[in-house]
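Scroll down for the structure; my scribbles are underneath it.
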Amino acid sequence: MRAVIFDEVRGQPEVRDVPVPEAPVGGVVVQVLATGMCRSDWHAWAGHDDIALPHVPGHELAGVIAAVGHGVRNWKVGDRVTVPFVCGCGKCEWCLAGDAQVCPAQEQPGFTHWGSFAEYVALHAADSNLVALPDNVEFTTAASLGCRFATAYRALAARAQVHAGEWVTVVGVGGVGLSAVMIGKAMGARVVAVDRNPEALAVAARLGAEHTVLADGSDIPEAVNRLTDGGSHVAIDAVGSEQTCADAILSLRRRGRHVQIGLLPSIDGNPQVPMSRVIGWELDLLGSHGMAAVDYPGMMALIEQGALQPQLLIERTIGLEEAAELLPTFDTATVAGMTMIDPAL
């Protein structure tokens, strides 16, 4: 099969012919018909995750089951499926409680093993992790759910528990940030979008952001405080840097809730977080790490009904060759939506 692969941390990815994976015990092989490129893929390439080399990235995917491993009960060849980017073991106390996204034995395509920037990908614990794809949901739409959209959905609905009428500030409106804008608007929240890219802010406004703030070096928390009459109730850092994390936290009103979605790798020591504000204003700091397969039906129903339209977030679809060129620059790419990959192109 053809796959995007790199041999060393920060090495130039290239498209090569590599062996098709075998279905693991309890798992399946999926023919990848769509996969998303995410900032998390860049983090893996940049060496911020512990990966074995050579490596094939990619963790947001949808496709058709091509092979079924021993012990799989609920799936067959030809089934249309997607999957969360965190695949739980299906057996531990967290998986049995419906919290596979924090499973200590989790597998993640594109991180713990070769991922979906390829024509085929192996997935583990299929009976616990696969999600059936309705016929009226396109593969590109489904692939957009696995990391960014599902993470944003759970961040707002389950972690922050956003209520109608609350202010939500989203710092960084790439794929996950635009997802948060759309979902927040659908939940009845009043959304402020912050980004350095005017085109991304224009998309956020079309998706329902009440206000947009250009991150041009000005005081972001002050701007949000002015627009929301005292700060937002909920803040999302959808980028993952000391600056964006601090801007999000300092944009909150007292007793506000901050959700950290963007990965926050340390540069020199641990990232600096404005903890004095957290303590003095009794702010809640929450992490959000994807969403388990058991929580997909509610989100999928809203998509089928048209209440949520993740397909509107897709900016472009590219092939594997272009994906190999784009990955090393994805942290600074000026995107106004999601980049999807079609391995057949």
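We number each residue from 1, following the sequence as shown.
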Taking every heavy atom of Ala180 against every heavy atom of Leu156, the minimum-distance pair comes out as O-CD1, 3.4 Å
From Leu327 CG over to Thr329 OG1, what is the distance, rounded to the nearest 0.5 angstrom? 8.0 Å
Gap between atom CG of Leu130 and atom CG of Asp127 - 0.5 Å precision: 8.0 Å
Considering only residues two or more places apart or on different chains, which pairs with a residue in residues 137-162 satisfy side-chain hydrogen bond (donor to acceptor under 3.5 Å, both in side chains)? Glu60-Arg148
Under 3.5 Å, is there a donor-acceptor pair linking the side chains of Gln108 and Gln106? yes
Using side chain to side chain contact (heavy atoms under 4.5 Å, CB included), reason through Val170 and Val168 one step at a time and then give a plain yes or no. CA-CA 6 Å; Val170 180; Val168 174; 4.1 Å; yes
Is the side chain of Asn129 donor-acceptor paired with the backbone N or O of His124 at a distance under 3.5 Å, no angle test? yes
Sub-3.5 Å donor-acceptor pair from the side chain of Glu22 to the main-chain atoms of Ala122, do we have one? no
Cluster overlap Leu133 with Val72, hydrophobic side-chain contacts below 4.5 Å: no
Looking at Arg10 and Glu8, is any side-chain nitrogen of the basic one under 4.0 Å from a carboxylate oxygen of the acidic one? no
Exactly one of Lys185, Arg255, Arg190, Arg257 should register a salt bridge (charged side-chain N to carboxylate O under 4.0 Å, His left out) with Glu166. Which one does? Arg257
Expected output: side-chain Asp49 to main-chain Ile51 donor-acceptor under 3.5 Å: no
Got a donor-acceptor contact below 3.5 angstrom from the Thr82 side chain to the Leu61 backbone? yes
Taking the side chain from Gln272 and the backbone from Pro274, do they hold a donor-acceptor pair closer than 3.5 Å? no
Stepwise side-chain hydrogen bond (donor to acceptor under 3.5 Å, both in side chains) test for Asp237 and Thr244: CA-CA 6 Å; Asp237 175 13; Thr244 55; 3.0 Å; yes
What distance separates Asn225 CG from Asp219 CG, expressed to the nearest 0.5 Å? 9.5 Å
From Ser128 atom OG to Leu123 atom CG, the distance as rounded to the nearest 0.5 Å: 12.5 Å
Donor-acceptor pair, side chain of Asp195 and main chain of Ala200, under 3.5 angstrom: no
Which pairs pass ring-ring contact (aromatic ring centres under 6.0 Å, His included) with one or both residues in residues 172-220, sequence neighbours excluded? Trp167-His211
Surrounding CG of Asp216 (heavy atoms of other residues, nucleotides or ligands, distance under 6.0 Å), is the total greater than 12? yes
Taking the ring centre of each residue, are His163 and His233 less than 6.0 Å apart? no
Could you walk me through whether Val213 and Leu227 pass the side chain to side chain contact (heavy atoms under 4.5 Å, CB included) check? CA-CA 10 Å; Val213 178; Leu227 292 169; 3.7 Å; yes
With hydrophobic residues grouped by side-chain heavy-atom distances under 4.5 Å, do Trp75 and Val64 end up in a single group? no
Could you walk me through whether Val121 and Val29 pass the side chain to side chain contact (heavy atoms under 4.5 Å, CB included) check? CA-CA 6 Å; Val121 65; Val29 171; over 6 Å; no
Counting distance only, does the side-chain N/O of Thr112 pair as donor-acceptor with the main-chain N or O of Glu107 below 3.5 Å? no
Distance col, row Thr35:OG1 vs Asp342:CG, nearest 0.5 angstrom, shows 10.5 Å
Suppose we call two aromatic rings close when their centres sit under 6.0 Å apart. Are His289 and Phe85 close by that rule? yes
Would you compute the distance between atom CG of Leu250 and atom CD of Glu222 and round it to the nearest 0.5 angstrom? 11.5 Å
Between the side chain of Trp45 and the main-chain N/O of Gly11, is any donor-acceptor distance below 3.5 Å? yes
Kindly say whether Val137 contributes a backbone atom to a donor-acceptor pair with the side chain of Arg80 at under 3.5 angstrom? yes
